[in-house]
Amino acid sequence: MTKLRLAIVGAGPAGIYAADILLKAERGFDVSIDLFDQLPAPYGLVRYGVAPDHPRIKGIITALREVIDRGDIRLFGNVRYGEDITLDDLKRHYNAVIFATGAVRDASLTIPGVDLDGSYGAADFVSWYDGHPDVPRTWPLTASSVAVIGNGNVALDTARMLAKHAEDLLPTEIPDNVYEVLKDSAVTDVHVFGRRGPAQVKFTPLELRELGEMRDVEMVVYDEDFDYDESSKAAIASNKQVMVIDRVLQSWRTRPSANGATDPATGAEATASRRLHLHFFARPLEIVGDDHGRVAGIRYERTEPDGEGGVRGTGEIRQTAVQAVYRAVGYFGSPLPGIPFDEKHGVIPNREGQVLHKGESSSDTDPGNEPMPGVYATGWIKRGPVGLIGHTKSDAMETIKRVINGQSGWWNPASPSEESVVQLLQSRGIRYTNLDGWHNLDQHELALGEAAGRTRIKLVPRDEMVRVSNGDDAADA
Ligand SMILES: Cc1cc2nc3c(=O)[nH]c(=O)nc-3n(C[C@H](O)[C@H](O)[C@H](O)COP(=O)(O)OP(=O)(O)OC[C@H]3O[C@@H](n4cnc5c(N)ncnc54)[C@H](O)[C@@H]3O)c2cc1C
C-alpha cells in the first residue's frame, strides 16, 4: 500500500487537528506524520496567546495532548522551518507538507506616533505575559494611564491583563517574572478606544462580562455612546450576541463610577483603585509624544453612525493623556521561505488548503493561482487571524480532503525513511525536542507550580525549556 510521509509545520491547534483528522480519515494509504514547531513546546497560541486567566480555554490543551500522546505522530520541537529545515529538505524526506504556522505578530496601524517610546503592539505584550521564550523577560509598566486601541477580544484581554491586580492572577500559570512585574504596575486607568459603537464591536459577550468581575476595578462607560441609531437598535433587537453585549454595558451605566460618581443604590462614593474605561465612537488619529519622544497622549476623532451599520467622522477632535498605548488591531501572518505569501492579507494563497503559486503559464502580473504540488496550508496562516480555536478544526477538515485527493501531486522523496529526518537534524546539531521531552517539561512546570501552591509555573527561557525537555539536570540547578 502507498504510504504518505507527511510533514506538518506548526504544532498549534491547526496542525494537531490536521494530523488527527488525517489519521482518522478513510483513505487508501498508510500515513506517517512528523509535526515540527519552532518552539520547544507544542500548542501554539493556546499556550502563548490565550490569556492565563482563561483556564477553561487553556484546557483545550488536554484534548490536543490526547492526540499527540496517542503515539502515532512524531513531534520535533525547537525546529524552525526556513532555518533549521528547508523546503528542499522536506521534499527529500516527505511526500507532502502542511503549513500551520499561524500568525504571531501585530497587524500594522498607520497613524503618526506608533514608533514613540511607550507605544506597544498587543501581540508583544501577550507573548510577554504568556511567557513566550523569544520576548524580553521584563515589561515597562510605569504608566498610570494607558490606552488600548481596538474593539476585539485581544483588546479586552490586553485591557484586562493591564487592569487586573497581579495577586488575582496568582492562581493561573503566569510565569514568575510576569507576576513580579505586574505586581509593581503603576496603572490606575486603562482606556479602550474603538471607532465603532457598542452594537458593532467584535468582542464576545463572555469576554466583556468578565471585565466587570475584576476585583477593585471599576468599569466606566459614557452616556454619549448609547444614543443608538436605527441600525444599532435593529442589530440589538435581532442579534442575541449584540443584545447581551448591550445589556452588560447598560448595567455598567448604572453602577458607580470612580469618575466622581456615586453608587446609585447606596449613595456611597466609588472606591476602586483602578478603572477600565470603554470609549466607543472614537477613531484614533495620532499617538502624541512629549519632548523626549515618549507617549504623552492619544488624539482621536469622535465618530457617529452612518446609518448603514458603519461610522463616519464628526470632525470633533479629542485628546486623552496617557503614558502608554497598546495597539490591539489584529494579528498578521509571516512569510515562509520558498512559499508564496499574500502580503495584503498576511496568508499563504490557497484554494481550500491547496497552496497556489505562479505556474509556468502565469503572467508577470498574475498573483498565481496554480496548485503548488505537495504543499498545503491550514489554520490562521491559511484563512487569516480571525476565529476561535474550534474553527481551526473545520479548516483542517477541508485541507485534509485536499491532501487525500491530491495524491497525484505528492512528491517522490529520495530519503523517505523516518530515521533519515532524525539523522538530518542531528547532523545539523539541532537540539530538537520530542514528545517525551514535552512530557518532561510539562511535569517540571507542574512541579514548580505545586511547590508554590499553584497549578503550574511556566518555564520561559528557551535554553532552559530545551534542557529540561531533553533531561539535562543543569536546568534544575
Ligand atoms: C491573544 C489571543 C487570545 C486568544 N484567545 C482565544 C480564546 O480565548 N479562545 C479561542 O477559542 N481562541 C482564542 N484565540 C484564537 C486561537 O489562538 C487561534 O484560533 C488558534 O491558535 C489558531 O491556530 P493555528 O494553529 O492556526 O496557529 P497558532 O496557534 O499560532 O500555531 C502556529 C504554530 O506554528 C509555529 N510556527 C510558526 N512559524 C513557524 C516556523 N517557521 N517553523 C516552525 N514552526 C512555526 C508556532 O510556533 C505555533 O506553535 C486567541 C488568539 C490570540 C492571539
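Order of listing sets the numbers, starting from 1, for every ligand and every atom in it. Reckoned from all heavy atoms, side chains included, excluding hydrogens, waters and symmetry mates.
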Audit row: R431, D463, salt bridge (Lys or Arg N to Asp or Glu O under 4.0 Å) steps and yes/no: CA-CA 10 Å; R431 295 165 69 217; D463 254 16; 3.4 Å; yes

Can a salt bridge be assigned to the pair D37 and R80 using a cut-off of 4.0 Å between side-chain N and carboxylate O? no

Sequence neighbours excluded, the answer for salt bridge (charged side-chain N to carboxylate O under 4.0 Å, His left out) partners of R428 is D89

Might you list the protein residues in contact with ligand 1, defined as having a heavy atom under 4.0 Å from one of its atoms, sorted by chain and number?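 Residues near ligand 1: V9, G10, G12, P13, A14, D37, Q38, L39, G44, L45, G49, V50, H54, I57, V79, R80, Y81, A100, T101, G102, V126, V154, D157, Y331, L336, G379, W380, G387, L388, I389, T392.
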
Check R196 against F280 and note the closest heavy-atom contact, atom names and distance.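 Where R196 meets F280 most closely, the heavy atoms are O-CB, 3.5 Å.
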
Mind checking what makes ring pair (Phe, Tyr, Trp, His ring centres under 6.0 Å) contact with F36, not counting sequence neighbours? F76

I'd like to check the ring pair (Phe, Tyr, Trp, His ring centres under 6.0 Å) partners of Y179; sequence neighbours left out, ordered by chain and number.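 Per chain and number, Y179 pairs via ring pair (Phe, Tyr, Trp, His ring centres under 6.0 Å) with no residue.
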
